[in-house]
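Structure record follows, encoded as structure tokens.
We name chains A, B, ... by the order of the sequence lines, and we start the count at 1 in each one.
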Amino acid sequence: MTLTVATWNINSVRLREPIVLDLLRAAAPDVLCLQETKAPVEKIPTGNFAALGYRHIVSRGFKGYNGVAILSRHPIEEAGELDFCQRRDARHVAARLENGAVIHNFYIPAGGDEPDPAANPKFAHKLEYLSCLRDWFRDNRPERAILVGDLNIAPREDDVWNHKQLLKVVSHTPVEVAGLGAAQEAGGWVDITRQDIPDGQLYSWWSYRARDWDAADRGRRLDHIWASPDLARGAGGSRIDRHVRGWFKPSDHAPVFASFDL
DNA sequence: ATGGTGGGGAACCCA
């Protein structure tokens with residue numbers, strides 16, 4: 001079978017329910033991974049998702065911030081919780097499909113404004129989280145696995161609108177890029193988006209604060225789809241649906257897609 | 001150098 005996966009930080013699943021439904025109708029991925037649901041599991045509006053065929057959900061979340069969910073048209077079961085830094089802060093959920101493939105959905109800490117772990121506890125937390133991610137996948141090598149999410153890091157020069165200008169901006173600093181790279185390498189993860197689209201500027205996030213996000217185009221690629229090498233060989237069809245950033249009452253992120261031959 | 005805009009939820013927290 002071909003499995004199409006999408007990842008999208010929707011910045012409140014309750015406020016964004018209409019455009020989540022629009023995306024499910026328009027793009028019809030098999031699996032949609034959401035971040036920043038900002039809701040406890042029982043407050044996720046599952047009824048209308050189920051009506052479109054997305055009857056299966058695993059989620060972790062609470063009131064106010066963070067929160068992740070996986071919606072699926074195929075049966076899934078929960079496949080473990082990775083609570084790096086032991087904060088119970090709902091940054092990861094995993095699902096196992098009936099064919100055994102596992103999908104990890106992460107919301108990595110944003111890290112605050114100041115890229116100095118000594119001065120900024122949020123940045124220290126982000127770096128610690130990346131170390132835990134690296135150690136976990138070093139000790140638990142993924143097979144038949146997909147990792148998606150808002151990783152809050154744009155690793156490549158062409159993943160940001162201005163590499164030089166963003167070197168000291170959290171999300172593109174060398175220490176974060178190295179931390180994410182170490183985690184990726186420890187697991188042997190393949191960046192599917194860049195396997196499919198190796199050249200050129202590529203963004204998945206544009207700030208709310210720009211007067212005209214589309215014209216300014218000061219984007220960053222913060223949202224990623226990775227896979228273990230066995231699944232990477234049968235992956236393709238990557239895209240970022242930029243136009244979704246322009247929908248009514250949008251998220252500041254656009255959804256990222258990839259397809260897998262399972 | 002600064003502040004710009006959102007969401008959650010009722011004062012500031014988060015991004």
Please classify the nucleic acid contact of [X] as base, sugar-phosphate, or nothing, using heavy-atom distances under 4.0 Å.
X: F62(A); answer: nothing
X: R16(A); answer: sugar-phosphate
X: K249(A); answer: sugar-phosphate

Contacts of type salt bridge (Lys or Arg N to Asp or Glu O under 4.0 Å), residue [X], not counting sequence neighbours:
X: R96(A); result: E77(A)
X: R138(A); result: D135(A)
X: D217(A); result: R242(A)
X: D89(A); result: R91(A)

Hydrophobic cluster partners of [X] (side-chain heavy atoms under 4.5 Å):
X: F62(A); answer: Y65(A)
X: W205(A); answer: L222(A)
X: Y208(A); answer: none

Below 4.0 angstrom, which residues in residues 153-171 of chain A have at least one non-hydrogen atom near DNA chain B?
none
Near DNA chain B, under 4.0 Å by heavy atom, which residues of residues 109-124 of chain A?
A110(A), K122(A)
Could you work out the separation of [N] and [M] based on their [atom1] atoms and round it to a whole Å?
N: dC14(B); M: dA1(B); atom1: C1'; value: 24 Å
N: dG9(B); M: dA15(B); atom1: C1'; value: 16 Å
N: dG8(B); M: dT2(B); atom1: P; value: 30 Å
N: dT5(B); M: dA11(B); atom1: P; value: 23 Å

What I'd like to find out is whether the side chain of I103(A) reaches to under 4.5 Å of the side chain of I76(A), using heavy atoms alone.
no
Do F257(A) and D196(A) come close enough that some side-chain heavy atom pair is under 4.5 Å?
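A side-chain contact under 4.5 Å is absent here.
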Going 5' to 3' along DNA chain B, which are the first and last nucleotides with any atom under 4.0 Å from a heavy atom of chain A?
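Listing 5' to 3', DNA chain B meets chain A from dG4(B) to dA15(B).
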Contacts table for residues 38-45 of chain A: side-chain donor-acceptor under 3.5 angstrom, sequence neighbours left out:
{"from": "K38(A)", "atom 1": "NZ", "to": "N11(A)", "atom 2": "OD1", "distance (Å)": "2.8"}

Between D150(A) and S12(A), name the one whose nearest nucleotide on DNA chain B is closer to the 5' end.
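Taking each residue's closest nucleotide, the earlier one in sequence belongs to S12(A).
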Could you check Y208(A) against T37(A) and say which one's nearest nucleotide on DNA chain B is further toward the 5' end?
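On the 5' side of the pair lies Y208(A).
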Kindly list each side-chain donor-acceptor pair under 3.5 angstrom involving residues 146-155 of chain A, sequence neighbours excluded, with atom names and distances?
{"from": "D150(A)", "atom 1": "OD1", "to": "N152(A)", "atom 2": "N", "distance (Å)": "3.0"}
{"from": "D150(A)", "atom 1": "OD2", "to": "N9(A)", "atom 2": "ND2", "distance (Å)": "2.9"}
{"from": "N152(A)", "atom 1": "ND2", "to": "I108(A)", "atom 2": "O", "distance (Å)": "2.8"}

